[in-house]
2 protein chains.
Amino acid sequence: MIKLDKAKTEIEKGILNQDMIILVGDCFVDYLGRATSKLTKGKRLVLIKGDGSIAIHQNRLVKPTNYMVNTRIGCELNEGALIVKAHKQKPAEKLTISFENIHDLKRYEIEATNDLRLSGSEKDLNEILMQDLSMIEPGLKAINQQQCFRKGICDIIAEDKNGNLVIIELKRRQADFAGVTQLQRYMLQVEKLKNIKTRGILLAPSIRKNALELLEELGLEFAKLDFELTPNDKQKAKIKGLESKQQTIMEHLKK
Amino acid sequence: MIKLDKAKTEIEKGILNQDMIILVGDCFVDYLGRATSKLTKGKRLVLIKGDGSIAIHQNRLVKPTNYMVNTRIGCELNEGALIVKAHKQKPAEKLTISFENIHDLKRYEIEATNDLRLSGSEKDLNEILMQDLSMIEPGLKAINQQQCFRKGICDIIAEDKNGNLVIIELKRRQADFAGVTQLQRYMLQVEKLKNIKTRGILLAPSIRKNALELLEELGLEFAKLDFELTPNDKQKAKIKGLESKQQTIMEHLKK
DNA sequence: GCGATCAGCGGCACG
DNA sequence: CGTGCCGTTGATCGC
């Protein structure tokens, strides 16, 4: 158990030093901002980071029960309690943690690096696809990537072998309603702008059954994106569409 | 600095006991699952919870750089390093944290409660609105809430004073493209099902400019949701629509 | 278990 | 700073 006045000093030092601070103790929490919340008294872990983010963790779930980002943090003693306050404007938000006691307080000097290298994001897949769209459909040629319009940014614009403009919406995981309506929104926009008809392809590893129904009702197409994660620095991911497309051709030949 | 074999024992005890475990030390991290990632060696804080969630935190941002949920966690000593592994299936994911050293290790017995009371969610607003929709428009009457259809669940179905069916999509914050297309999707569904025309109202505190354009192009309507957070137990929030509606009437009378 | 949607979404990149 | 959108989205609730 740590004395509250000692804790106050340590927290203030830690904030000044942009340390990572860990607080464990019995507290209750009030939040007022984009919503309001109350957390009744209980033992919690509070994590304060050098960039002014603060999170109250219970012993379940990866997400904190309460949190704030980009705050100014201060603390004070009040009627035998240690109050940690986080504050920010735009939007106006306030988080108040009232500690009845503090079981443990630690602060760590940790530099605020950002060196995660992640592979397999949509952006990675998009870049690989731009090199060759024929795995989606023979003769399909990329025209533009991340084309920005007034009502959204579409992932890929291409042209098929018959000269039709093709709008492609790419999803790295199973596509849902949102992906379908996104694609439709981009298509309507381009069609209105250029006064032409377009084809729309939703490219994803799979699609929800009801979303596929909607897609087909709207006259759009689904194409399976068959990719493999490669934890390799040179190659962010490997798209296996070509092989599966060849398989499809083989199946056709059998008929 | 904590000896790695001692750390191993402590971690294993903590996991068995479903404690909250804090590890601070120099480590590198590999993740393979829905994507792949590598985090180069550095000082990090690892938070393990009783429900099998695990998160690696750097000294910035509220979100962890690496994480996993619902895992089985184990640890082992290997060539002078302590390896913490989290594992799960469906989807298959693996997280490996290799500690070169451990500066600090703590475990805390914290019960896995879930007693956050939050007010001002969309659900709260929906419930209040269902009691009286006249604040949106005189004569508007609620028919159904959270009606589930084949292609989505719409927030509120109502009937206006002329007997038209009105589909309402509610957003607790500024509405965007997604909200507009959601509303449209629900409308088209109901229209097809019942073979009638419907009105669509997007109800939100505000709406993005371009989203409003899209909304209007589609022939849908926007209604301002003027609400106030009340950190009060009896009343989850207070909708001020009535007053603003009266103001609108006053403004009309002035013309 | 999957489906659908909300979230105090957070965070990022671009204009 | 706002806009748009992805995310290893997470988490909840309903079927």
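To find a chain, count down the sequence lines: A is the first, B the second, and so on, and within it residues start at 1.
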Would you tell me if any nitrogen or oxygen in the side chain of [X] comes within less than 4.0 Å of OP1 or OP2 on [N]?
X      : N      : result
B:K123 : D:dT12 : no
B:R185 : C:dA4  : no
A:Q182 : D:dC6  : yes
A:R60  : D:dG10 : no
A:K63  : C:dG10 : no
B:Y186 : C:dT5  : yes

(message) Go nucleotide by nucleotide along DNA chain C from the 5' end; which of B:L118 and A:A211 gets its closest nucleotide reached first?
(response)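 Nearest-nucleotide comparison on DNA chain C picks A:A211.
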(message) Here's a test of your reading of the structure: between A:N114 and A:Y67, which maps to the more 5' nucleotide of DNA chain C?
(response)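 Closer to the 5' end of DNA chain C: A:Y67.
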(message) Is it the case that C:dG8 (base atoms only) and A:E93 (side chain only) share a donor and an acceptor within less than 3.5 Å, ignoring hydrogens and angles?
(response)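 A donor-acceptor contact between them is present.
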(message) When you measure only distances, ignoring hydrogens and angles, does the side chain of A:N66 come within 3.5 Å of the base of C:dG8 through a donor and an acceptor?
(response)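 Indeed, a donor on one side and an acceptor on the other fall under 3.5 Å apart.
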(request) Pull out every residue in residues 171-179 of chain A that has a heavy atom closer than 4.0 Å to any atom of DNA chain C, ordered by number, or say none. (result)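 Residues of residues 171-179 of chain A under 4.0 Å from DNA chain C: A:Q174, A:F177.
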(request) May I have the distance from A:R150 (atom CZ) to D:dG4 (atom P), rounded to whole angstrom? (result)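 My rounded result for the distance is 9 Å.
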Exercise: do [X] and [Y] side chains pair donor with acceptor under 3.5 Å:
X      : Y      : value
B:Q58  : B:K63  : no
B:Q174 : B:R208 : yes
A:D115 : B:T40  : yes

(request) Using the side chain to side chain donor-acceptor pair (under 3.5 Å) rule, take A:N66 and A:S37 through it: C-alpha gap first, then chi angles, then the decisive distance, then the call. (result) CA-CA 8 Å; A:N66 280 109; A:S37 76; 3.0 Å; yes
(message) I'd like to check the side chain to side chain contact (heavy atoms under 4.5 Å, CB included) partners of A:R72; sequence neighbours left out, ordered by chain and number.
(response)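 Checked A:R72 against side chain to side chain contact (heavy atoms under 4.5 Å, CB included); zero matches.
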(message) With rounding to the closest Å, how many angstrom separate the C1' atoms on D:dC6 and D:dG10?
(response)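 D:dC6 and D:dG10 have their C1' atoms separated by 14 Å.
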(message) Using atom C1' in both nucleotides, what's the gap between D:dG7 and C:dT5 to the nearest angstrom?
(response)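 Roughly 16 Å separates the two C1' atoms.
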